[in-house]
> 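Below: one structure in structure tokens.
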There are 2 protein chains.
Amino acid sequence: MNDEYELLLLENQVCFPTYAVANKILRRYQPLLKKINLTYTQYITMMVLWEKEEVNEKDLVKALYLKANTLTNMLRKLEQKGYIEIGRDENDKRNIIISLTDEGRYLKEKAINVPKALADEHWLTDEEFKTYKSLLYKLLKGDW
Amino acid sequence: MNDEYELLLLENQVCFPTYAVANKILRRYQPLLKKINLTYTQYITMMVLWEKEEVNEKDLVKALYLKANTLTNMLRKLEQKGYIEIGRDENDKRNIIISLTDEGRYLKEKAINVPKALADEHWLTDEEFKTYKSLLYKLLKGDW
DNA sequence: ACAAATTATGTCGCGCGCGATATAATATAC
DNA sequence: GTATATTATATCGCGCGCGACATAATTTGT
């Protein structure tokens, strides 16, 4: 009779543990990121740039699975810190082009310590970790 | 030689897909929650109360894996909306006791439509979903 | 009994992350 | 060629979520 209310138990939600784990991971990262003067969102942005050297904002939005208006102010902060340069595409002035400065490139040397510091903490086994990531990417790429 | 830099690729991070999926799930929930006039954090709080009728703030913090200062203002909003009452434990006046009002109890009838609406969207198979949740809870309960 | 430690909550300031809306540049239609 | 649609980004306002710090109630040590 009240079976349908079981859907409303925290333990039966996908949203709840996903969100809680995301927060927990952020809390773990933040003290490490503070040492290299980056916030989490700035960190993942820099990761894209360390890999690609240059991106336009539109592609960055896709790569990070965020919305453009979330990036605007964060990119300005990264520019203020001197890690990136923000310019416009001369061929299509609507497009923002973000590129790495020397200082930004150099930051990579320090940033490598973040994943290194966490690599020793075995939150999951290698096998579980692989499964976990593949399920996350299935969710992320799913059309819903 | 540059192998250690592979640690800095987005695809090799746990934080990145977890956080991105959490955001994506929130975006999916928000329009549904808007219909019952709750934010996500208010929703998970109400879920605890629908199950337990009454909690103190300390236990709520543990149940939701959040920090107390995150809850303070959100609880006031729920109180303003008339769904909960906020009182103090007479035996230990440091403790806040949160209880469900009739209006809050009644909201459950409408809230059931949120998980119902999503139940048809098969983001993962049942088996995958089970695995996914168990890995999340392992992460959530892990000591790191 | 009472000073010091502990516990539960509150205040403040910051950085998101978003939907809604606005604006400017380019593309399309006719 | 010019009105209209589309695209890329920006602005605004809100609700978190947190660390750092402050405060009030209770407990502990002696």
Side-chain angles (χ1 to χ4, degrees), chain A residues 15-16 18-35 37-46 55-81 86-98, chain B residues 15-16 18-35 37-46 55-81 86-98:
Chain A
C15 61
F16 174 66
T18 305
Y19 192 64
V21 168
N23 284 334
K24 181 170 177 172
I25 292 180
L26 273 196
R27 288 196 294 267
R28 184 67 193 86
Y29 270 76
Q30 251 140 30
L32 299 171
L33 291 172
K34 201 169 185 180
K35 288 184 190 170
N37 190 30
L38 289 179
T39 65
Y40 170 73
T41 319
Q42 288 166 12
Y43 176 58
I44 59 176
T45 301
M46 291 306 292
V55 260
N56 65 46
E57 186 171 331
K58 196 182 58 165
D59 292 339
L60 190 59
V61 164
K62 275 186 208 153
L64 302 181
Y65 296 89
L66 292 169
K67 301 290 164 185
N69 55 3
T70 300
L71 297 187
T72 307
N73 290 307
M74 181 271 291
L75 290 173
R76 285 186 191 134
K77 298 247 176 69
L78 275 179
E79 192 185 32
Q80 280 168 24
K81 289 180 183 178
I86 300 177
R88 292 269 174 181
D89 181 347
E90 277 309 305
N91 298 319
D92 185 342
K93 288 181 184 162
R94 290 173 301 183
N95 284 281
I96 292 267
I97 296 183
I98 300 134
Chain B
C15 59
F16 174 66
T18 304
Y19 192 66
V21 168
N23 285 334
K24 182 170 178 173
I25 292 180
L26 273 195
R27 288 196 295 266
R28 185 67 194 84
Y29 270 76
Q30 252 140 29
L32 300 171
L33 291 172
K34 201 170 185 177
K35 289 184 190 171
N37 189 30
L38 289 179
T39 65
Y40 170 74
T41 320
Q42 288 166 13
Y43 176 58
I44 58 175
T45 301
M46 291 307 291
V55 259
N56 66 46
E57 186 171 332
K58 194 182 59 166
D59 292 340
L60 190 60
V61 164
K62 274 185 207 154
L64 302 181
Y65 296 89
L66 291 170
K67 301 289 165 185
N69 56 2
T70 300
L71 298 186
T72 307
N73 290 306
M74 182 271 290
L75 290 172
R76 284 184 192 137
K77 298 246 177 69
L78 276 179
E79 192 186 29
Q80 280 167 26
K81 290 180 184 178
I86 300 176
R88 291 272 174 180
D89 181 347
E90 276 309 307
N91 297 321
D92 185 341
K93 289 181 184 159
R94 289 172 302 183
N95 284 281
I96 292 266
I97 295 182
I98 301 135

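Each chain gets a letter, A, B and so on, in the order the sequences are listed, and its residues count up from 1.
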> Tell me: CG of Leu33(B) to C1' of dC16(D), nearest whole Å?
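Rounded to whole Å, this separation is 14 Å.
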> Closest nucleotide of DNA chain D for Ile96(A) versus for Lys67(B): which of these residues is on the 5' side?
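Result of the comparison: Ile96(A).
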> According to a strict under-4.0 Å criterion, is Lys93(B) in side-chain N/O contact with OP1 or OP2 of dA25(D)?
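Negative; the distance criterion is not met.
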> Expressed as a whole number of angstroms, how long is the span from Ile97(B):CD1 to dA8(C):P?
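So the two atoms are 13 Å apart, to the nearest Å.
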> Any chance you could lay out the side chain to side chain contact (heavy atoms under 4.5 Å, CB included) test for Arg88(A) and Ile97(A), step after step, and finish with the verdict?
CA-CA 5 Å; Arg88(A) 292 269 174 181; Ile97(A) 296 183; over 6 Å; no
> Verify the contact: side-chain N or O of Gln30(A) to OP1 or OP2 of dG15(C), cut-off strictly under 4.0 Å; return yes or no.
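Checking Gln30(A) against dG15(C): no side-chain N or O falls below 4.0 Å of OP1 or OP2.
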> Using OP1 and OP2 only, check whether a side-chain N or O of Thr72(B) sits under 4.0 Å from dT11(C).
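Negative; the distance criterion is not met.
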> Among Ile86(A), Asn56(A), Asp89(A), exactly one meets side chain to side chain contact (heavy atoms under 4.5 Å, CB included) together with Ile96(A). Which residue is that?
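Filter result, single survivor: Ile86(A).
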> Between Lys24(A) (NZ) and dG19(D) (C1'), how many Å, whole number?
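It works out to 18 Å between those atoms.
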> If you assign Asn73(B) and Lys58(B) each to the DNA chain C nucleotide with the nearest heavy atom, which residue ends up on the more 5' nucleotide?
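Its nucleotide being nearer the 5' end, the pick is Lys58(B).
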> Check whether any side-chain N or O of Thr70(A) sits under 4.0 Å from OP1 or OP2 of dC16(C), and answer yes or no.
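Looking at the OP1 and OP2 atoms of dC16(C), neither is under 4.0 Å from any side-chain N or O of Thr70(A).
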> Name the residue from Lys34(A), Gln30(A), Arg28(A) that meets the side chain to side chain contact (heavy atoms under 4.5 Å, CB included) definition with Leu32(A).
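Exactly one candidate clears the test, Arg28(A).
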> Which residue, Asn91(A) or Leu26(A), contacts DNA chain C at a nucleotide closer to its 5' end, judged by nearest heavy atom?
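Here Leu26(A) is the residue nearer the 5' end.
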> Any side-chain heavy-atom pair from Glu79(B) and Leu75(B) closer than 4.5 angstrom?
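No, side chains not in contact.
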> Measure CG/Asp59(A) against P/dT7(D) and give the value in whole Å, please.
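The answer, rounded to whole Å, is 15 Å.
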> I want to check one thing: is the phosphate of dT11(C), taken as OP1 and OP2, less than 4.0 Å away from some side-chain N or O of Arg76(B)?
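Answer is yes, contact under 4.0 Å.
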> Less than 4.0 angstrom between a side-chain N/O of Lys77(A) and OP1 or OP2 of dG15(C), yes or no?
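Result: yes.
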> Let me know, please, whether Lys34(A) or Ile86(A) comes out on the 5' side of the other along DNA chain D by nearest nucleotide.
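Checking each residue's closest nucleotide, the 5'-ward one belongs to Ile86(A).
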> Let me know the distance between CZ of Arg94(A) and P of dT23(C), rounded to the nearest Å.
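After rounding, the gap between these two atoms is 18 Å.
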> Scan Asp92(B) against the nucleic acid and name what it touches under 4.0 Å (heavy atoms): base, sugar-phosphate only, or nothing.
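Sugar-phosphate, no base atom in range.
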> Any N or O donor-acceptor pair under 3.5 Å from the base of dG19(D) to the side chain of Asn69(B)?
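When only heavy-atom distances are counted, Asn69(B) does reach the base of dG19(D) through a donor-acceptor pair under 3.5 Å.
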> Roughly how many Å is it from CG in Leu38(A) to C1' in dC14(C), rounded to a whole number?
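Spelled out: CG on Leu38(A) to C1' on dC14(C) is 16 Å.
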> Would you please confirm or rule out a distance under 4.0 Å between OP1 or OP2 of dT26(C) and any side-chain N or O of Arg88(A)?
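For Arg88(A), the contact criterion (side-chain N or O under 4.0 Å from OP1 or OP2 of dT26(C)) is not met.
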> For Tyr29(A) and dC16(C), what is the distance between atoms OH and P respectively, to the nearest whole Å?
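The answer, rounded to whole Å, is 17 Å.
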> Please report, rounded to the nearest Å, how far the P atom of dT7(C) is from the CG atom of Asn56(B).
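It is 15 Å, rounded to the nearest whole Å.
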> Reckon Asn23(B) touches a base, only the sugar-phosphate, or nothing at all at heavy-atom distances under 4.0 Å?
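Result for Asn23(B) = sugar-phosphate.
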> Using 30° and 60° as the class boundaries, would you call the ring planes of Tyr29(A) and Tyr40(A) parallel, tilted or perpendicular?
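Ring orientation of Tyr29(A) relative to Tyr40(A): perpendicular.
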> So, Lys77(B) side chain and Gln42(B) main chain: donor-acceptor pair closer than 3.5 Å or not?
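No, because the side chain of Lys77(B) does not come within donor-acceptor range (under 3.5 Å) of the backbone of Gln42(B).
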